[in-house]
2 protein chains.
Amino acid sequence: MRIIDEEALNDITTGSTVLGSGGGGDPYVGMLLARDAIRRFGPVQLVDVDEVPDTANMVFIAGIGAPGVLIEKLPRAAEYERVLGQLERFTGTTYDYVCPAEAGGLNAVTPFATAAARGLPVVDADGMGRAFPHLEMVTPTLYGGSATPFVMVDEHGNTMFLESTSNAWSEEYARAAVLASGANAAMALYPMTGAEAKQRLVRGALTLAQDLGRTIREARAAHTSPVDAVLEQQGGVLLFTGKVEEVERRNERGWTIGQAHLSGLDGDRDHTMTIHFQNENLAAERDGAMVATSPDLIMALELDTGTPIPAEEIRYGYRVAVLGLPADPHWRTAAGIELAGPRRFGYEHDYRPVEEFAG
Amino acid sequence: MRIIDEEALNDITTGSTVLGSGGGGDPYVGMLLARDAIRRFGPVQLVDVDEVPDTANMVFIAGIGAPGVLIEKLPRAAEYERVLGQLERFTGTTYDYVCPAEAGGLNAVTPFATAAARGLPVVDADGMGRAFPHLEMVTPTLYGGSATPFVMVDEHGNTMFLESTSNAWSEEYARAAVLASGANAAMALYPMTGAEAKQRLVRGALTLAQDLGRTIREARAAHTSPVDAVLEQQGGVLLFTGKVEEVERRNERGWTIGQAHLSGLDGDRDHTMTIHFQNENLAAERDGAMVATSPDLIMALELDTGTPIPAEEIRYGYRVAVLGLPADPHWRTAAGIELAGPRRFGYEHDYRPVEEFAG
């Protein structure tokens, strides 16, 4: 157990942008939300999943919406403070721990708002080890875990409770509801026991985000390359060094969908890269050949500062290093690749671990 | 109290098509559903709203979807049999009576499936006295009644519970959910007491539907004009006699939206009529001038047989009488016209009672 202070929150914010793999919503707005809740209600404990009793009840807390909308509309703390009590009323169960659904992006820190308001610990784990655009794409799905009973509260005071027969149906209902409500809502979902969490979650996901954030912060302070430091820490691959030439981007059913086209710099001069995104970066082609796909992480870091550039913000002129980082082992199973691999997103390409493209 | 037998159900089916005002879904598929439930579970009692004790709990039962979808996909009895139990589990309340939300169209008879399965009476009333395309457009809304707690069950086994801060938000969520689920679902909504029902509902709405159906049936048998008989019974206005020349129709967010263009016959030769519909017929223009609008009922009956022609089925070649029938007095109040009058549907036109166009 350790206490999350504001420096820790800042490092998690930076690191969760990297884990966002281009998506997951702007962690900065999540950090403001979490920091405000901590200032009002007091500090929050972060506990390892092994510290959670097997019989304890816990639940994911997450926001949902199109990242482009979240930038224009700050999420409100009230929904995150309210959502857990609504689930408890609905299920008649008390939850003792909250946990991020995705340590990538905004949702790495939204559970802190709920935790601070309720005096509950946050579990240092998540259901992705990154960010994904569909709520069924979490590791509990790989083990038969259900997204429901599920509660969504919106900023208009509406509460939607759901019991679904599959996590894909939960995604359909949640996506439809968030669009109906104005594209910004808080959810409590995937209730599970401590025993289930130990089997099903990506362990240490918030510590991973914090380590990534600290690595970038310290490299900047030492005037060394944040890109090199991240690659070394994560065992990742430098996929490309280049300049953004053109970005196609559209909003569709609450998702930000498009491609970023890059031309090479330095050793990649005369080469090109195209990054495909649906909220998150999902595939990268180098000179027209696929070199990285989901579930591995594809992330553009600004070349000089190591600042992670989300897909919704990438634009002409950015000079970036495109990194491929290995997904958590949960995702590199046959079931993981089926749930969140390239074919699931419409790319007619077999998954190949990103390290195999190295050297 | 009286028992609804199959002849009564058939008459209600014909009459509810007239009250559907061009929409409400095909009552024939609702009748099949209700008849099957009555054959399996036994007859259903119809009770007057005055027979419902003030403290009794009752609720609307209704299906939701685009009429065009309902024709292709028959609603399944299972959802109507299941939905009330889900509401009871959610609210911890037992409901002793069910009631149609709209006596116009399919939803006039869907509550019979629930009532038969549960051995409950149906209340001879509704929340519209016709059909409307939005679920907040019911007379309880005019008296502060809430659509929630609300339950929707779909054919995939998903259950959505809702608590909303306005009936317009309930409509947004329900519409989004039914589209997400595949455009066919059963709902239990607007829970109310017997005392509230006596104030808020359109009384005798199912008897009205049955009377309309019987009037058409008897006129046909007597070889007299069903159109004249309906006008006489309802105090309505013959707006136009003509032939359908062209229909524009599109599906949009689950609604069937468009116009039917008619050329005149008999006394209306050299005149034209355009009927505007959004699921229901909402406005009628004669020679370009508005002659009838919602909340009054606009209905096309086949000239010879009196068969009511829904907006989703009207097409080139039909010879029809277009009738304007006065809406229930609940709707002719300032609040009623604001909720369901012409401006609510985007027509820049003040409401004028349809009888004023007579003579």
Side-chain angles (χ1 to χ4, degrees), chain A residues 64-66 69 76 78-79 82-83 85-93 134-136 146-189 191 252-255, chain B residues 64-66 69 76 78-79 82-83 85-93 134-136 146-189 191 252-255:
Chain A
I64 182 169
V69 173
R76 303 188 330 161
E79 281 72 73
R82 195 162 72 87
V83 68
Q86 295 290 75
L87 184 67
E88 289 175 330
R89 188 167 61 84
F90 181 46
T91 60
T93 299
H134 294 250
L135 73 71
E136 80 273 24
S146 174
T148 68
F150 159 120
V151 170
M152 174 185 293
V153 300
D154 74 17
E155 63 194 9
H156 310 290
N158 299 306
T159 304
M160 180 180 86
F161 305 93
L162 190 68
E163 288 175 347
S164 73
T165 48
S166 77
N167 296 341
W169 278 122
S170 293
E171 161 67 23
E172 289 293 328
Y173 271 82
R175 186 74 43 192
V178 77
L179 290 173
S181 75
N184 208 347
M187 306 180 291
L189 68 171
E252 196 176 286
R253 284 200 73 210
W255 286 295
Chain B
I64 182 168
V69 174
R76 302 190 329 162
E79 280 72 72
R82 194 162 72 87
V83 68
Q86 294 290 76
L87 184 68
E88 289 176 331
R89 188 168 60 86
F90 181 47
T91 61
T93 300
H134 293 250
L135 73 73
E136 79 274 23
S146 173
T148 68
F150 159 121
V151 170
M152 173 185 293
V153 299
D154 73 18
E155 62 194 10
H156 309 290
N158 299 305
T159 304
M160 181 182 84
F161 305 93
L162 190 68
E163 288 176 346
S164 73
T165 48
S166 78
N167 297 341
W169 278 121
S170 293
E171 160 68 21
E172 289 292 329
Y173 271 81
R175 185 74 43 191
V178 77
L179 290 173
S181 75
N184 208 346
M187 306 180 290
L189 68 172
E252 195 176 287
R253 283 200 72 213
W255 287 294

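So you know, we letter chains A, B, ... as the sequences are listed, proteins then strands, and number each from 1. What you see below is based on every heavy atom in this structure, not just the backbone, and it leaves out hydrogens, waters and symmetry mates.
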Problem - 4.5 Å side-chain heavy-atom contact, B:His156 and A:Glu172 - result: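 They are not in contact (no side-chain heavy atoms under 4.5 Å apart), so the answer is no.
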Considering non-hydrogen atoms only, spot the tightest contact between [X] and [Y] and give its length.
| X | Y | value |
| --- | --- | --- |
| A:Ala177 | B:Tyr173 | CB-CE2, 3.5 Å |
| B:Ala176 | A:Ala180 | CB-CB, 3.7 Å |
| A:Asn158 | B:Thr165 | OD1-N, 2.8 Å |

Exercise for the section: Under 4.5 Å heavy-atom distance to chain B, tell me which part of A:Phe150 shows up: side chain, backbone, both or neither. Expected result: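 Nothing of A:Phe150, per the 4.5 Å heavy-atom cut-off to chain B.
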Problem - Distance in Å, A:Met160 CE paired with B:Thr148 OG1, rounded so as to fall on 0.5 Å steps - result: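 So the gap between those two atoms works out to 14.0 Å.
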